[in-house]
Chemist: 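This is the structure I want to talk about, given as structure tokens.
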Amino acid sequence: MTKITASDKKVRRYIKYESELDQTFIDKIGDAAYGEQLLSCIQCGTCSATCPISHYMDYTPRRIIAMVRAGFKEEVLNSNTIWLCASCYGCTVDCPREIKITDVMYALKREAILEGSNPRGFPIPILANKFFRQVRRHGRQNETRLLLTVYLLTNPLNLLKNARMAMRLYFKGRLSLFENGIKQKKSLRKLLKTLDRNQN
Amino acid sequence: MKYLYYPGCSLKSSGRAYEESLLAVFDALDIQLEEIDDWNCCGATSYMGVDEIKAFGLAARNIGLANRQKKTQDDEETHIIAPCSACYLVLLKTQKYLATHTDVRNSIQGGLSEIDLDLNSNIKIRHPLDVLVNDIGYQKIAERVQKPLKNVKVASYYGCQIIRPYQEFDKEYYPMTMDHLVTKLGGEAVDWPLKTRCCGGTLMGTMQDVGLQINYRLLKEAHRRNADVMITTCPLCQFNLECYQDKIMKSHNDSVEMPVIYFTQLMGMAFGLSDISLGLNRLLTPVSDIFQ
Amino acid sequence: MNTEINKTLQQPWKPRIVAFFCNWCTYTAADLAGVSRLKYAPSVLIIRLMCSGRVDPQFVLDAFAKGADGVLIGGCHFGDCHYIEGNHKMFRRYQMLKRMIVNMGIEPERLRLEWISASEGDKLKRVINDMNEKVQALGPLNLPGKFQEWDLEIQDMIDQNGDMPAAKEEHHV
Amino acid sequence: MSSTSKNGSVRIGYYVCHCGHNIAANVDVAIVAKEIEKLPGVVITREYKYMCSDPGQELIQEDIKELNLNRIVVASCSPLLHEQTFRNALTHGGLNPYFLQMVNIRENVSWVHTDRELATQKAIDLSRAAVRRVAIHKALETRQVSINPDVLVVGGGISGINAALTLANAGKKVYLVERDPTIGGHMAQFDKTFPTLDCAACILTPKMSDVKNHPNITLWTYSEVVEFSGFVGSFKAKIKHKPRYIIEDLCVGCLDCIDACVYKNPKYRDEFNVGLSKRKPIYIPFPQATPQVVVVDPENCIQVKRGKCKMTCVDVCDRNAFDFTQQETFEEIQVGSVILTTGFQTFNPEKTPYYGYGKYDNVYTSLEVERIVNSAGPTGGEVLMRDGQKPKKVGIVHCVGSRDDRTNKWCSRVCCMYSLKLASLIKEHTGAEVYNFYIDMRTPGKGYEEFYDKVLKEKVHFIRGRVAEVTDWAAEKEEEGKLIIRVEDTLVGAVRRIPVDMVVLSVGIEPQTDAHDVRRLFNISCSTEGFFTERHPKLAPVETAAEGIFIAGCCQGPKDIPDSVAQSGAAASQALALIDKGVMEMEPNTAYVLEEACSGCKSCISLCPYTAITFVEERKKAEINEALCKGCGTCVAACPSSAIMQNLFEDDEIYSEIEGLLSIPQL
Amino acid sequence: MSEKPKVGFYWCASCGGCEESVVDLAEDILMVLDNVDIVFWPVAMDFKKSDLEVMEDASIFATMINGAVRTSEQEEMARILRKKSKIIIAYGSCAHTGGVPSLANQFDREQILQYIYQDAPTVINEEKTRPQTTHRKNGHVVTLPQIRNVVRTLDQVIDVDYYLPGCPPTPKILKTALLALLEGNIPEKGTVLAPDIALCDECPRKESKPTEIKYTQFKRPHLTELDPDTCFLAQEVFCMGPATRGGCEALCVDGNMPCTGCFGPTSRVKDQGAKILSSICSAIDGLDERSVDRVLDTIPDPIGTFYRYALAGSLLRRKVPAKSSESE
Ligand SMILES: Cc1cc2nc3c(=O)[nH]c(=O)nc-3n(C[C@H](O)[C@H](O)[C@H](O)COP(=O)(O)OP(=O)(O)OC[C@H]3O[C@@H](n4cnc5c(N)ncnc54)[C@H](O)[C@@H]3O)c2cc1C
Ligand SMILES: Cc1cc2nc3c(=O)[nH]c(=O)nc-3n(C[C@H](O)[C@H](O)[C@H](O)COP(=O)(O)OP(=O)(O)OC[C@H]3O[C@@H](n4cnc5c(N)ncnc54)[C@H](O)[C@@H]3O)c2cc1C
Ligand code: SF4
Ligand code: SF4
Ligand code: SF4
Ligand code: SF4
Ligand code: SF4
Ligand code: SF4
Ligand code: SF4
Ligand code: SF4
């Protein structure tokens, strides 16, 4: 899976040595929210088959679970799968072993952000981050500004492509450009700070 | 019974029509809604992926606020109505998670105490659909209908997040509450297999190709089943399915045009409420002409 | 008393732990430990019962009152009980008994319940050694001594009056 | 308290064994003997090299006679090893064997300790406890119960049939009770059986008629056991016979009445064909039903329901076999042992709505398909769907309801194999493309993997993945009008959508819905799901915790026909062993209630795992049935008035042990 | 009238309820008075220690002492009475098994004094005054009895002949016992003068008790609407009846309150608390630690529940003090 630079670029090494794996990965992810059941996955693939997006993923949810178990940390954290997951909970409801796959995906997203290993040019972690800041500052999100920032940061072209729709929405009163924060911003920040502190 | 109302960010912007129609319908049924004072963002989906504890914290603050508001009013059992699917799920999930994970609950409660809020109380998180059919009842809704939706074929689209995995008011595989509601309004419920299939959520914004394809599938199937209109329970689903329709049709070179409205808008129409009060004017694909 | 015994008694203090083992699992495990010549601390004195469900909480308290420094109960694992679920019944009592003795000031390490199957001779050894170590660290419980000690405060009067209360016997009708 | 012999005083003999070097090397036996000699009641102490040897035992016997001993303590090895030996020695010496107490100073002392002094001290402590205890021992009698040789078999599937025949062939009287109108169970519904694909009817029907004709078997179909009591050797059962409205002995099975019924066309759900066809209110489950007697369905027969039918059926019967006045009748029998073979039911796929059963016409259960491929089935053996079409593509979904935390957690063990069988049969009948969707292929059995190999070579498709959904949502043109199976082909690593005409759900095996009632009736235990629990999963697989009650077949857990037959044979032989011995000996360690002390608080009643304790309404007191009590002592420990005592393990005996162990002053 | 047998009453650490119960004999008391001569009864008449001391040894036929023993004075009086009486009857739960006062055995004397004289929210005691055994004022010395560290049952201090259980004993059992003794009907020493069978036997709700109860919780009686006819245990309300000697005519149950155990255990039982624990906990609904603990959590005060009247007389007698406080 790791590329090697050979004279023929198409040749790849498809072997994994134990030293390249992270055997503690499963524990970390398992410890995160709801992940306890992970070990009982029977690789049945129901999650992948149910997932409305799996056919765009570089590894299906089932494979992600197998790779987490086996310690393929790098591949997992760099996969687009975890960012494509739309949190529809379809897999979670369908898994015969009651594995909370959606929550595993969340745990993996968090781990990826922590490790700084988000796939390049993938706007989702950025969106999440922006969102995070906006809420921290104002207590609420402003969809318009959020999207604007994300487009500007990732793919300004997209902004142009969607401009017509945006204008129509604006005239229908469905876009608001003004910040619409909460009153007790301080108390919210205090809460988040305390939680931060508690966590560390 | 009094309900506290948690609108969430979307209902104040892109989903404004949802709020307008919701309030109009509840008003028409004589149910008081009281907005939670100074609510904050629910900490939705994307937040969970960044920082779980804080996501729970954000949701918990809203529950704490509701708790405070409840206490000052002396209500016994308080229900929070959360119309947006994402908000509904996050609030419900937070409540259920904290109930079983004491360590996290203690930590969150610790944070809340610092700002004089308190989690402990029997607050219930409800979706308006649940409240309408279970508390108010089909009977009362049917009685309020003034303009039955004769010959209108409606595809009920529940989306994913209100139906699984935490709710308890409907079946997770074949939910039927909205379909029954449609018949009570005089319309015809279309049986279609995609009613709980995901709309892709924020993928439309972040990975548009994927989003367009997913939503195309939904519109296409509703078309194939001869639906006249699709109703949703979530501002994001509505946004994806309606506002991107042009693009969907262009990218798939297929005419799958279809009005997509909130179920509350449909109810309001059957109740004979005005277009403006239901926010119908905000639609990009107009709907009124199909109701003769 | 025999000099040999006196010598034993003069050795550094060793805990005395009364063990109630069920016939089918834990007692058999003790036999296995013996046959396998596993070595463990000699502090445990075993009383064989048919089932851990036979362990009356009174036995436990009585053992403490008579001078045990610890009480160990051994039974079959859940699902293995020879009498289906005697061990479950014992377990429920034990959970409460444990709370109770802690409330009465007896350290929780002095009462222990373990599921040891007939094949777990090594577990038996581990459990006994571990408990022995913990009780050793706690020191003697010595309730009979404590009862005497507590009664010292009324001793002066007794001496003065010259009559001791008769030892309390069970009252039978 | 202590009941002693002759002169009334306790005279204890104490014997400590060297066990060669085994004990003596680590325990100073001489000192032990010396210490114990000082205790009150001890008349003699002896040490000897091998107590269990004949001379050792004779030592005890002589002392009993010469020294008038009435209590014996032997300090040697584990009682689990030699208690019986020394009890016999007491008996031979003329003493009640239960005046013995053993001290285990080998397994519990010399073998496990190294410090000789401490080991010696421990041996003394243990011996002191035994001496104190034995002083209050009572004389007890070993219990014996005699075994009634008749056997009751409940459930007439292949397991029950086989058990009944085995016993009957051994000359024992058997009552076989089946609640349906015919015996045969599930096997009767199959066409072929894996792995040999031999015809089910060909191997089953001869056995069914053997049962009917065997002089030693009383066959009661359409009957149920409604009351059950007693204990091993002498059980009492009450059997209910449901009215068939036909006199069984008169009917010859000509079936003329069915033709003659006022209903011209069959109208009611045919249970035997799993609802795939209809029958009349008078019917026979299937042509080879045993007994070959028709039955009237009381729910639908006009005469039974309203008493106003023309009764054309009666007119045509020249045997005068009809009797519409029949009522439920009851019969009481006495047996010495019971074999339960009540079988299983298949998982109801309505609980897995994502597979579309009940929603899409062309989704079938495997049991339905068994009938469809059966040449005696509703379609005459042609594989036709509900719309009359022959399928061109068939998907077989494994593990429906099995291996799933939300439904049944276990693997049903036969569905992989029968799915292979059905794949092969469907392909043979229709030439259709057949897809098997499996999680793991489980073929552990003689010739099973070979069968898998055969089906693989028949070009049946195998996709490893659990099906997520069966839907009629067509994403592509080719899918329109079909059922689409969505699955991840986990070996290829891609999600696939496979359009088919017919879906077969390989539903799992689960306990009968009334399994809990049955277990309560017969007083055995079962898992929470309802499979009956064997006494030991490996070493006592057909026995139950209740003495004299055996289990076999699918009521114990999922299994196939070969295993059901093997197990029912084993159950029959266990029953035979019991009958052959004629009596059962039991340790006298039973509990008993001291009536004057019992307040009737009922705390004990439900605690007994064998329901040996009952509340006697007349006296408002608890009573223990000695024959059912196995001596666990749970109730003894739990009686809040200490009104329950237990032979061999009396409270006082244990208190004196505790006291004996601890009576050395502490430092 | 010196023919009549002499009878004495005395109280130790008690609430006075036992004395009250003697008075509650009402008209029956006259009958009793007809038959006996009360020579000592400080609560009702002016008797002093000195009066007692001058009596001849064994001159009193029977003395009934109620209350647990907590102070040096009580010990002294008990001993004197023992000497002066032929028969000593431990009267009431406190004398019999320790009673409610012996729940104090869960604490050290020091802990109790600290709370009562300093820490209790209603106490203002800036000088931190504590009761002293001797006090001098104006040249007079006043002595007070010493409070003991341990609360004791009567028979832990003196030899006791009979026991009359109850908190308080009912007039009926007192009367029956007295008359029996007076008639010379002398039972074996050590006998508890009440039926030797648990309360359920005479409980009017016995019929309604099912043979199987699986406890999923224990409800607090004051927070529960109690069905007046159904066995309390069947209502998941903790009842000591099964482990408590009967003879009280199920008074509490009649008042729609569960039995709390005042008559003490039956004769075969060594430890009332351990036995009720054993019987009730065996029937808890739960197969694993969590579910069992959840049920047990609904008994917030196990000692107070199982040993409300019997802590001093229980196998463990009192809380074992922690090492540090033991040394003082
Ligand atoms: C679709 C399918 C296909 C299969 N194909 C094969 C195959 O090809 N080869 C193979 O080896 N195995 C096969 N099996 C497994 C096989 O069916 C079982 O191993 C076998 O039937 C077990 O027999 P049994 O007697 O234990 O139970 P059953 O066949 O279920 O018989 C139980 C009998 O007891 C009766 N009964 C139940 N309760 C009571 C009661 N309370 N009182 C009186 N009577 C009662 C029932 O009416 C029934 O007659 C298949 C199973 C299924 C579901
Ligand atoms: C590695 C391994 C692990 C296993 N683990 C388990 C497990 O955990 N659980 C489980 O249930 N099963 C397990 N099994 C399966 C289990 O071993 C068998 O089911 C079981 O041992 C079969 O017993 P048997 O008596 O039929 O055969 P065997 O154990 O093979 O006994 C046959 C006996 O017959 C003797 N013998 C052979 N020929 C003759 C002759 N001609 N004359 C006289 N004597 C003869 C042999 O010497 C032998 O003593 C395991 C098997 C293996 C290989
Ligand atoms: S559905 Fe569950 S068990 Fe199956 S592969 Fe996915 S995670 Fe594993
Ligand atoms: S939650 Fe994510 S992984 Fe699971 S089905 Fe939905 S999109 Fe796929
Ligand atoms: S009842 Fe009579 S007609 Fe009917 S099958 Fe029997 S014998 Fe024939
Ligand atoms: S009585 Fe009538 S309905 Fe019943 S079986 Fe006979 S003909 Fe048919
Ligand atoms: S036998 Fe096969 S199909 Fe049946 S449950 Fe087991 S794995 Fe699934
Ligand atoms: S527990 Fe004891 S007192 Fe209660 S009914 Fe059973 S035997 Fe009688
Ligand atoms: S000792 Fe065990 S088997 Fe016997 S009656 Fe008591 S609980 Fe039942
Ligand atoms: S448990 Fe209590 S209420 Fe129930 S019968 Fe016994 S004494 Fe009466």
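Quick note on labels: first sequence line is chain A, next is B, and so on, each numbered from 1. Everything numeric in this text was worked out from a predicted model, so none of it was measured. As a basis for the values below, the full set of heavy atoms in this structure was taken, side chains included, without hydrogen atoms, waters or symmetry mates.
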Chemist: Around C:R37, counting heavy atoms of other residues, nucleotides and ligands shown, do more than 12 lie under 6.0 Å from its CZ?
Modeler: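 More than 12 heavy atoms, drawn from other residues, nucleotides or ligands, come within 6.0 Å of this atom.
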Chemist: Do E:K319 and C:N103 have side chains that approach each other closer than 4.5 Å (heavy atoms only, starting at C-beta)?
Modeler: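 The answer is no; the side chains never approach within 4.5 Å.
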Chemist: Go through C:R93, C:K89, C:K66, C:M90 and name the one with the most non-hydrogen pairs under 4.5 angstrom from chain E.
Modeler: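 Option with the top pair count is C:R93.
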Chemist: Salt bridge check, C:D151 against E:R148: does any charged N sit closer than 4.0 Å to a carboxylate O?
Modeler: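 No salt bridge links E:R148 with C:D151.
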Chemist: Would you say the side chain of E:P321 lies within less than 4.5 Å of the side chain of C:W150, judging by non-hydrogen atoms?
Modeler: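 Heavy-atom side-chain distance check passes, below 4.5 Å.
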Chemist: Given heavy-atom pairs under 4.5 angstrom as the criterion, report whether the side chain, backbone, both or neither of E:R152 touches chain C.
Modeler: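 Contact with chain C: side chain only.
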Chemist: Is there a side-chain contact between C:M96 and E:I280 (heavy atoms, below 4.5 Å)?
Modeler: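 The answer is no; the side chains never approach within 4.5 Å.
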Chemist: On a heavy-atom basis, which atom in C:M100 and which in E:L277 lie closest, and how many Å separate them?
Modeler: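 For C:M100 and E:L277, the tightest heavy-atom pair comes out as SD-CD1, 3.6 Å.
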Chemist: Are C:M104 and E:L311 packed together at the side-chain level, in the sense that at least one heavy-atom pair is separated by less than 4.5 angstrom?
Modeler: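 Counting from C-beta outward, C:M104 and E:L311 do come under 4.5 Å.
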Chemist: Name the option with the most non-hydrogen atom pairs under 4.5 Å to chain C; the candidates are E:G273, E:P302, E:S314.
Modeler: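 Of the options given, most contacts go to E:P302.
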Chemist: Counting heavy-atom pairs under 4.5 Å to chain C, which of E:S278, E:G286, E:S279 comes out on top?
Modeler: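 Counting heavy-atom pairs under 4.5 Å, the top option is E:S278.
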Chemist: Please check if atom CD in E:E56 has more than 12 non-hydrogen atoms from other residues, nucleotides or ligands closer than 6.0 Å.
Modeler: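 No, because the 6.0 Å sphere around CD of E:E56 holds 12 heavy atoms or fewer from other groups.
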Chemist: In terms of heavy-atom proximity below 4.5 Å to chain E, should C:F91 be classed as side chain, backbone, both, or neither?
Modeler: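 Contact with chain E is through the side chain of C:F91 alone.
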Chemist: I need the C:I154 CD1 to E:I158 CD1 distance, nearest 0.5 Å.
Modeler: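 Between C:I154 CD1 and E:I158 CD1, I get 11.0 Å after rounding to 0.5 Å.
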Chemist: Count the heavy-atom pairs under 4.5 Å between each of E:S282, E:P187, E:C281 and chain C, then report the option with the highest count.
Modeler: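 Of the options given, most contacts go to E:S282.
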Chemist: Determine whether C:D56 and E:K275 make a side-chain contact, defined as any pair of heavy atoms from C-beta on separated by less than 4.5 Å.
Modeler: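 When only atoms from C-beta onward are counted, E:K275 and C:D56 do touch, with a gap below 4.5 Å.
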Chemist: So, do C:F64 and E:L316 sit near enough that their side-chain heavy atoms are less than 4.5 Å apart?
Modeler: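 In short, these two side chains touch, coming nearer than 4.5 Å.
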Chemist: Do E:D293 and C:R99 have side chains that approach each other closer than 4.5 Å (heavy atoms only, starting at C-beta)?
Modeler: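 Answer yes - side chains close enough.
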Chemist: Given a strict heavy-atom distance threshold of 4.5 Å, which part of E:V292 is in contact with chain C: side chain, backbone, both, or neither?
Modeler: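 Only the side chain of E:V292 comes within 4.5 Å of chain C.
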Chemist: Counting only heavy atoms closer than 4.5 Å, note whether E:Q146 contacts chain C via side chain, backbone, both or neither.
Modeler: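 Answer is neither: E:Q146 stays 4.5 Å or more from chain C.
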Chemist: Are there more than 12 heavy atoms of other residues, nucleotides or ligands under 6.0 Å from atom CD of E:Q217?
Modeler: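 Buried by this count: over 12 neighbours within 6.0 Å.
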Chemist: I need the E:E289 CD to C:R92 CZ distance, nearest 0.5 Å.
Modeler: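 CZ of C:R92 is found 13.5 Å from CD of E:E289.
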Chemist: Identify which part of E:Y162 has an atom lying under 4.5 Å from any heavy atom of chain C, answering side chain, backbone, both or neither.
Modeler: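 When you check distances to chain C, no heavy atom of E:Y162 falls under 4.5 Å.
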Chemist: Hey, does E:D288 have a side-chain heavy atom less than 4.5 Å from the side chain of C:H88?
Modeler: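 They are not in contact (no side-chain heavy atoms under 4.5 Å apart), so the answer is no.
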Chemist: Taking C:E153 for its side chain and E:N149 for its backbone only, find out whether a donor-acceptor pair lies under 3.5 Å.
Modeler: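 Such a contact is found between C:E153 side chain and E:N149 backbone.
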Chemist: Which of the residues E:D271, E:I284, E:L296 is involved in the greatest number of heavy-atom pairs with chain C at under 4.5 angstrom?
Modeler: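 Most pairs with chain C among the choices: E:L296.
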Chemist: Please classify the contact between E:D297 and chain C as side chain, backbone, both or neither, with a heavy-atom cut-off of under 4.5 Å.
Modeler: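 E:D297 touches chain C through backbone and side-chain heavy atoms alike.
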Chemist: Below 4.5 Å from any heavy atom of chain E, which atoms of C:L61 appear? Answer side chain, backbone, both or neither.
Modeler: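 Answer is both: backbone and side chain atoms of C:L61 are under 4.5 Å from chain E.
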